[in-house]
2 protein chains.
Amino acid sequence: MNDMKNPWEKLHDLIADTGTEQILIFFDSLGAAETARTISRISQEDQIRLFTLLAPADAAELIEDISDVQAADLIEDLPPERAAAILEELDSDHLVDVLGEVDDHLAEAILGEMDHEDAKEARQFLEYPRDSAGGLMVSEVLAYAWDKRVSDILKDLQKNRETYAEYNVQYLYVTRDGNRLAGVLRMHDLLFPARDALLRDLMIKDPLKVDVNTPLEKLRNFFEEHHLFGVPVVDAEGELLGVVLPEAVEEASRKRSVRQFLGVSGIVGGEEFRTMPLLIRSGRRLSWLSLNIVLNIMAASVIALYQDTLSAAIALAVFLPMVSDMSGCSGNQAVAVSMRELSLGLVRPYELMRVLAKEASLGILNGAALGLMLGTVAYLWKGNFYLGLVVGGGLAVNTIVAVCLGGLLPLMLKRLKMDPALVSSPLLTTVTDMCGFFFVLSFATAVMGKISGF
Amino acid sequence: MNDMKNPWEKLHDLIADTGTEQILIFFDSLGAAETARTISRISQEDQIRLFTLLAPADAAELIEDISDVQAADLIEDLPPERAAAILEELDSDHLVDVLGEVDDHLAEAILGEMDHEDAKEARQFLEYPRDSAGGLMVSEVLAYAWDKRVSDILKDLQKNRETYAEYNVQYLYVTRDGNRLAGVLRMHDLLFPARDALLRDLMIKDPLKVDVNTPLEKLRNFFEEHHLFGVPVVDAEGELLGVVLPEAVEEASRKRSVRQFLGVSGIVGGEEFRTMPLLIRSGRRLSWLSLNIVLNIMAASVIALYQDTLSAAIALAVFLPMVSDMSGCSGNQAVAVSMRELSLGLVRPYELMRVLAKEASLGILNGAALGLMLGTVAYLWKGNFYLGLVVGGGLAVNTIVAVCLGGLLPLMLKRLKMDPALVSSPLLTTVTDMCGFFFVLSFATAVMGKISGF
């Protein structure tokens with residue numbers, strides 16, 4: 001009978017009735033995605049009970065399977081000392097990702113419950129911008145002073161086998177004068193030399209490294225150029241702070257693409273999951289929609305100015321939403337291409353003239369094609385050539401405006417340090433709607449005598 | 001004076017006048033993104049000359065710095081034997097990525113010029129779906145028979161140092177009975193045992209592995225659960241085919257997010273860069289826009305049916321584009337949330353009722369709020385309560401429709417094996433436009449006596 005139940009119903013029973021062992025066996029039977037789904041579907045009380053029952057290390061493993069936003073929600077519901085114990089089991093990179101999503105006030109309370117050294121490190125990590133080498137690095141590295149011998153290292157590796165097995169790092173870093181990065185060794189560089197050789201004589205000197213402030217795009221370029229398992233991160237004094245792994249860079253880039261996708265779709269202010277409370281979901285979506293409705297009202301007020309033209313040729317009312325929608329589509333295509341080229345470094349924010357030239361020629365072509373299509377439809381429908389001219393001409397001209405503006409907007413927003421994913425689309429739609437209504441209705445007013453009554 | 005020039009102008013001069021050495025020094029001075037930009041900005045003839053001048057290995061390094069689509073364009077312009085020589089220098093994963101973007105006919109010609117073994121392997125790799133373990137793996141692995149001794153391995157590692165330095169793999173795989181995967185060893189497992197120990201006695205038995213058909217999502221879950229530097233890929237018989245690295249999985253996920261972002265923005269049929277020929281760019285964008293205009297005409301035809309209502313209350317014409325736009329926005333938010341939940345595995349395609357329940361309640365809330373806002377504006381503008389009721393009521397009801405449909409569409413399209421990123425938005429907009437026009441205009445017809453003349 002138990003098999004008829006959903007995983008989350010089974011989990012509920014397990015939490016209520018049985019020991020932690022059964023719960024661990026249960027989660028072992030689920031994959032990461034199924035784990036995330038199951039945890040998200042149980043009640044908040046069950047979540048709290050689950051994360052209180054489990055040993056911190058086991059709880060941390062579950063945290064690793066769920067998204068940062070979900071994890072932060074969960075952590076916020078736990079008593080701070082419990083939350084601290086669990087978070088301490090995560091690696092530094094992940095700890096900061098989760099803690100960064102937690103409410104500041106609570107995060108401080110959790111840090112207060114953590115081991116002093118860990119808390120100090122976490123605070124330092126939280127200060128680095130998320131998409132920089134500092135925000136992406138892990139502090140778990142193998143580092144040895146350069147006057148050590150191979151035999152010292154082998155002894156240390158042997159002794160701390162278990163700790164190091166958790167380290168996701170395949171290089172040994174060699175330091176001098178305290179913690180200054182001097183060189184690097186690959187694990188297999190230790191296979192061949194004599195056991196009493198000094199690290200300083202074996203190491204690859206002046207290794208590739210990045211500054212702690214290096215931004216995400218530069219890191220991606222770095223790993224595209226150098227196929228390495230990690231790059232050491234240093235501060236301005238050359239002190240070794242940690243290591244950035246290529247998968248952390250790819251993951252951050254993926255998250256950025258996700259944010260772009262959500263942004264252009266009108267999900268702003270953070271991710272939304274359907275397990276979140278209704279009022280939070282509704283409020284967040286509404287805040288963006290409310291801004292949009294104001295912009296829409298501004299745009300539509302152009303129509304109100306031309307009410308007389310519109311009553312004289314009511315057929316135009318059929319075409320206004322089409323002109324508005326089609327121009328928006330054309331413009332959004334150009335926005336997407338600009339955002340891609342910006343993120344690939346194929347265009348720079350100051351190259352406005354280049355983009356304008358490229359988009360203007362395309363806008364003329366596509367404007368002509370779309371204008372011809374819609375104009376023909378209008379002409380055939382009412383048999384009035386001027387109606388076709390007004391509608392087709394309006395769409396044609398407005399497509400040129402939309403395509404040029406769409407291409408330029410992301411570059412301009414980038415220069416103004418605004419997020420193109422969030423701002424481009426509402427701004428573009430407002431301007432192209434206004435212009436579209438204006439072109440169609442002012443063209444119509446100009447040939448009023450020819451189209452009135454249609 | 002040379003310093004006044006753009007990188008691509010400098011490159012043009014170098015290609016025309018000087019030897020390959022200067023060209024290599026020049027590229028060394030550029031980062032990966034700058035390399036990609038520079039190559040994209042020189043003329044096609046210069047590109048061909050550049051990739052003919054350089055040694056294949058050097059040309060391959062440039063190929064690694066540019067996107068797959070750009071690389072494929074470039075490769076297509078080269079003589080097949082030249083293209084083959086360059087592609088052979090790439091690792092198997094990258095080779096397939098680039099060749100997969102090349103026109104099929106040309107790809108066959110290039111394969112024909114490649115070394116027989118390499119071509120055979122590439123053909124096999126090309127058959128695996130792009131986002132599967134087979135499509136993401138590299139075939140460059142260190143594999144040894146299980147009856148070898150540590151000393152044999154050390155000898156081989158020493159001898160082939162340079163070749164293996166290029167291998168992006170940190171495990172040794174142990175095989176038996178030909179090429180069947182039997183175990184795995186980490187590099188540092190070789191540091192401590194006696195030199196005459198057998199691999200079969202040292203190896204970690206029954207290592208984690210994935211089937212060649214494992215899809216991308218499963219691979220991402222795998223690496224979220226297991227922090228490894230790679231996972232061996234086997235076929236149905238357990239033969240070792242290659243290894244998938246975590247960064248390859250993250251990169252493929254990122255590319256998928258990028259495709260989603262481009263898809264919802266109306267860039268379909270492949271990436272677009274502004275260096276592509278105008279007619280190709282225009283044609284691709286137009287093909288999607290043309291479909292859209294047809295859908296728009298269908299939706300707007302609802303307005304045409306209510307022309308009499310509209311001429312009697314021309315104020316409605318101001319609000320129709322707003323209702324259409326706002327409903328589209330509300331629906332797209334729900335689409336984005338569903339697509340995210342699907343890709344994270346938080347919702348399954350068959351859970352329609354769950355999504356419907358969650359979106360219906362949100363739709364009622366947001367519909368009421370937006371309807372109240374727009375209705376109030378309409379009422380205040382003309383001082384006619386019924387006009388406010390018609391406009392606000394139409395938007396409210398249509399928001400519920402849009403939000404529910406938006407939430408459900410990605411799940412339904414996924415079940416029909418269609419791409420939600422490409423299909424959701426046009427389909428959603430058409431239906432919500434039609435419904436929106438219908439609600440507003442039929443409500444208006446019902447209270448015609450109260451609003452005519454406004």
Side-chain angles (χ1 to χ4, degrees), chain A residues 31-33 37 40 168 170 187-188 190 221 224-225 227 246-247 250-251 253-254 257-258 260-262 265-267 272 274 278 281-282 285-286 289 292-293 296-297 300 303-304 307 310-311 314 317-318 320-322 324-326 329 332-333 336-337 345-346 358 361-362 365-366 369 373 377, chain B residues 31-33 37 40 168 170 187-188 191 221 224-225 227 246-247 250-251 253-254 257-258 260-262 265-267 272 274 278 281-282 285-286 289 292-293 296-297 300 303-304 307 310-311 314 317-318 320-322 324-326 329 332-333 336-337 345-346 358 361-362 365-366 369 373 377:
Chain A
R37 190 164 76 119
S40 75
N168 214 359
Q170 286 288 340
M187 215 40 111
H188 59 260
L190 297 179
N221 290 335
E224 268 170 27
E225 265 188 86
H227 294 281
E247 54 265 41
E250 280 293 340
E251 192 190 352
S253 305
R254 177 177 58 75
S257 307
V258 167
Q260 281 190 352
F261 164 70
L262 292 174
S265 306
I267 298 295
E272 176 188 323
R274 294 208 172 90
L278 175 62
R281 296 169 58 220
S282 160
R285 290 200 200 173
L286 209 49
L289 292 170
N292 242 290
I293 213 169
N296 256 295
I297 291 170
I303 306 181
Q307 262 196 110
L310 207 49
S311 1
I314 196 71
V318 176
L320 288 179
M322 277 195 260
S324 142
D325 185 68
M326 290 307 299
C329 287
N332 274 325
Q333 288 181 324
V337 174
L346 294 176
K358 290 277 178 186
S361 49
L362 189 147
L365 267 181
N366 285 10
M373 282 176 72
V377 170
Chain B
R37 189 164 77 120
S40 75
N168 214 0
Q170 285 290 331
M187 216 39 112
H188 59 259
L191 286 171
N221 289 336
E224 268 172 25
E225 266 188 84
H227 294 282
E247 54 265 42
E250 279 294 340
E251 193 190 351
S253 305
R254 177 177 57 75
S257 306
V258 167
Q260 282 191 351
F261 164 69
L262 292 174
S265 306
I267 297 296
E272 175 187 323
R274 294 209 172 89
L278 176 62
R281 294 169 60 220
S282 159
R285 289 200 202 175
L286 210 48
L289 292 171
N292 242 290
I293 212 170
N296 257 294
I297 291 170
I303 306 181
Q307 262 195 105
L310 208 49
S311 355
I314 196 70
V318 177
L320 288 179
M322 276 195 260
S324 142
D325 185 68
M326 289 308 299
C329 287
N332 274 325
Q333 289 180 323
V337 174
L346 294 177
K358 290 278 178 186
S361 49
L362 189 147
L365 267 182
N366 285 10
M373 282 176 71
V377 169

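Each chain gets a letter, A, B and so on, in the order the sequences are listed, and its residues count up from 1.
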Worksheet, complete the sentence: Ranked by heavy-atom pairs below 4.5 Å to chain A, first place among B/L191, B/N332, B/L365 goes to B/L191
Worksheet item: Taking atom CG of A/L320 and atom CG of B/L320, what is their separation to the nearest 0.5 Å?
Response: 9.0 Å
Worksheet item: Roughly how far apart are B/S282 OG and B/L289 CG, rounded to 0.5 Å?
Response: 9.0 Å
Practice prompt. Name the member of B/E251, B/R285, B/Q260 that forms the most heavy-atom pairs with chain A at distances under 4.5 Å.
Written response: B/R285
Practice prompt. Give the minimum heavy-atom separation between A/E247 and B/P246, together with the two atoms involved.
Written response: OE2-CG, 3.8 Å
Fill in: Part of A/V377 lying under 4.5 Å from any heavy atom of chain B
side chain
Item to complete: Quick one: pull up OG in A/S257 and CG in A/L262 and give me the separation to the nearest 0.5 Å.
Response: 10.5 Å
Response to the item:
With sequence neighbours left out, the residues meeting salt bridge (Lys or Arg N to Asp or Glu O under 4.0 Å) with A/E250 are B/R254
Fill in: Best-contacting candidate, B/R274, B/R281, B/Q307, against chain A by heavy atom pairs under 4.5 angstrom
B/R274
Fill in: Top contributor to chain B interface from A/I267, A/L286, A/I297, A/L310 [non-hydrogen pairs under 4.5 Å]
A/L286
Worksheet item: chain A: which of B/V258, B/L362, B/N292, B/D325 shares the most heavy-atom pairs with it under 4.5 Å?
Response: B/L362
Response to the item:
Across all chains, not counting sequence neighbours, the side-chain contact (heavy atoms from CB on, under 4.5 Å) partners of A/I293 are B/M326, B/L370, B/M373, B/L374, B/L395
Worksheet entry | Largest heavy-atom contact set with chain A, pairs under 4.5 Å, which of B/S311, B/S324, B/A369 | B/S311
